[in-house]
Undergrad: 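Here's a structure for you.
Bear in mind that the values here come from a model prediction, so they are computed numbers and not experimental data. Protein chains get the first letters and strands the later ones, always in sequence-line order, with residue 1 at the start of each.
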Amino acid sequence: MMRLLALLFVMTTPAWATTPQQILDSLVQEARQTQSGFTASVSRGEQFYRAKQTGGKEADSCASCHTDNPKAEGRHIKTHKAIEALAPSANKQRFTDPAQVEKWFRRNCREVLGRVCTPQEKADFTAYVLSVK
Amino acid sequence: MGVNIKNLSILIAAVALAGAWVGQGQADNEVVFPMPTGPLYVKECGSCHTAYAPGLLPARSWQKMMNELDNHFGEDASLDEPDRLAILRMLTDHAADNPNANMLMRRVAASIPRGAAPQRITETQLFRFQHDEVPAHIWKRAKIGSKANCGACHTRANEGRYPEREVRIPR
């Protein structure tokens with residue numbers, strides 16, 4: 001019954017009403033499918049955000065385009081175009097469209113790590129970016 | 001009062017100024033490319049860089065580019081199929097060689113060799129000609145960084161607007 005109610009809720013909630021918290025919750029759910037009992041960690045997320053990675057292309061960390069501060073305006077390392085802040089506390093558009101979030105995880109993880117991010121990495125990253133107030 | 005050198009030179013200066021003013025006005029009207037309507041194009045093709053006006057390249061360039069989006073200048077710019085097709089359509093409808101192209105776009109189309117499908121606007125001869133007065137060190141400024149960063153200097157590039165009077169070169 002609860003599940004049915006939840007389903008109804010999901011179906012009747014318009015796409016534009018997705019909140020950053022809902023996006024984080026569904027990333028955590030996804031992470032639990034491959035690691036039961038998983039909880040997202042802000043500090044692991046922060047580490048991931050800043051970590052210098054290998055295996056990618058020109059950019060070697062998420063921070064290289066998004067800067068050390070998720071509330072700050074970033075700059076694309078190749079095109080030099082300004083990138084609006086990633087933290088929802090500074091930019092209300094962020095983490096409100098699940099398809100948009102998935103698309104950029106796919107692209108940017110390939111760019112930085114040369115592979116897709118794991119569901120756990122995505123949940124931690126999002127927990128950190130949402131925690132920045 | 002006879003015509004002396006001083007009067008004559010003032011007259012010439014005035015005529016030259018008026019001519020420059022009129023010329024500028026005309027150029028301003030012309031240097032605007034039509035942009036696709038709706039948010040899709042700027043959202044998908046204006047996130048990593050300026051949303052380039054489709055009229056800056058011929059349709060064959062866009063067709064090639066839109067078939068290779070998963071390796072787009074070394075980046076993954078791939079889209080789902082409905083968005084890809086919708087954007088391809090917008091690009092070809094507004095390309096430099098579309099049948100309704102304005103004078104400016106026809107000039108772009110005519111400047112590109114028939115067999116070529118250039119992928120970089122910044123490597124076309126017309127772009128080089130239009131920017132030959134911009135000194136090399138300017139392109140290296142932090143807020144510019146790349147010739148392809150049109151929006152850094154052309155303040156309304158995302159609307160397809162490139163008139164000279166809207167150029168602001170950042171420090």
Side-chain angles (χ1 to χ4, degrees), chain A residues 14-16 18 53-70 72-88 90-117 121-122 129, chain B residues 39-53 56 65 68-84 86-87 119-123 134 136-159 168-171:
Chain A
W16 61 85
T18 313
Q53 310 278 0
T54 52
K57 301 176 202 164
E58 273 170 58
D60 62 1
S61 74
C62 307
S64 61
C65 288
H66 293 296
T67 79
D68 278 342
N69 174 6
E73 182 182 274
R75 197 165 289 281
H76 195 287
I77 59 155
K78 283 192 225 161
T79 66
H80 295 253
K81 179 183 174 284
I83 301 174
E84 285 179 46
L86 207 51
N91 178 357
K92 292 202 164 32
Q93 307 295 315
R94 293 298 186 204
F95 294 91
T96 56
D97 176 351
Q100 169 92 353
V101 171
E102 262 320 300
K103 183 178 71 192
W104 285 105
F105 269 130
R106 187 189 76 231
R107 287 178 178 165
N108 294 341
C109 292
R110 262 183 76 181
E111 170 74 26
V112 172
L113 301 136
R115 59 166 172 83
V116 296
C117 287
E121 285 167 337
K122 290 193 275 191
V129 173
Chain B
L40 184 67
Y41 182 69
V42 175
K43 180 169 168 246
E44 296 300 344
C45 302
S47 47
C48 293
H49 45 61
T50 303
Y52 305 117
L56 289 160
M65 190 176 295
E68 303 168 344
L69 280 182
D70 56 337
N71 185 6
H72 174 77
F73 301 88
E75 303 245 335
D76 176 2
S78 55
L79 295 166
D80 61 34
E81 193 59 8
D83 283 354
R84 190 185 74 86
I87 290 175
Q119 300 293 287
R120 282 194 183 271
I121 300 154
T122 51
E123 283 173 6
V134 181
H137 70 270
I138 300 266
W139 301 110
K140 298 202 184 90
R141 287 186 181 163
K143 288 194 173 154
I144 304 173
S146 163
K147 288 185 182 175
N149 194 5
C150 324
C153 302
H154 295 278
T155 50
R156 294 173 69 187
N158 272 2
E159 298 161 50
R168 302 274 178 285
I169 296 182
R171 294 266 121 215

Undergrad: Which bit of B:Thr50 is near chain A, if near means a heavy-atom gap under 4.5 Å: side chain, backbone, both or neither?
TA: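 It is the backbone, since no side chain atom gets that close.
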Undergrad: Give a yes or no on whether A:Lys57 atom NZ has more than 12 heavy-atom contacts from other residues, nucleotides or ligands under 6.0 Å away.
TA: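 Yes.
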Undergrad: Got a second to check how far A:Arg110's CZ is from B:Asp76's CG, nearest 0.5 Å?
TA: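 Atom-to-atom, A:Arg110:CZ and B:Asp76:CG are 4.0 Å apart.
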Undergrad: Where on B:Lys43 is there a heavy atom nearer than 4.5 Å to chain A: the side chain, the backbone, both, or neither?
TA: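 For B:Lys43, side-chain heavy atoms alone lie under 4.5 Å from chain A.
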Undergrad: Below 4.5 Å from any heavy atom of chain B, which atoms of A:Arg107 appear? Answer side chain, backbone, both or neither.
TA: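 Both parts, backbone and side chain.
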Undergrad: Rounded to the nearest 0.5 Å, what separation is found between the OG atom of B:Ser47 and the NZ atom of A:Lys81?
TA: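 Going from OG on B:Ser47 over to NZ on A:Lys81, the span is 7.0 Å.
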Undergrad: With rounding to the nearest 0.5 angstrom, report the SG to CD distance, B:Cys48 to A:Glu111.
TA: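 One gets 9.0 Å once the value is rounded to the nearest 0.5 Å.
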Undergrad: For each of A:Arg106, A:Lys103, A:Gln100, A:Glu58, tally heavy-atom pairs with chain B at distances under 4.5 Å, and name the one with the top tally.
TA: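 Most heavy-atom pairs under 4.5 Å with chain B: A:Arg106.
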Undergrad: With a 4.5 angstrom heavy-atom cut-off, which part of A:Glu84 approaches chain B: side chain, backbone, both or neither?
TA: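 Contact with chain B: none, neither part.
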Undergrad: Using a 4.5 angstrom heavy-atom cutoff, name the option from B:Ala77, B:Ala152, B:Ala148, B:Gly151 with the most pairs to chain A.
TA: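 That would be B:Ala77.
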Undergrad: Does any part of the side chain of A:Lys78, heavy atoms only, come nearer than 4.5 Å to the side chain of B:His49, both counted from C-beta?
TA: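 No, every pair of side-chain atoms sits at 4.5 Å or beyond.
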Undergrad: Do other residues, nucleotides or ligands put more than 12 heavy atoms under 6.0 Å from A:Gln93 CD?
TA: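 Open: at most 12 neighbouring heavy atoms sit under 6.0 Å from CD of A:Gln93.
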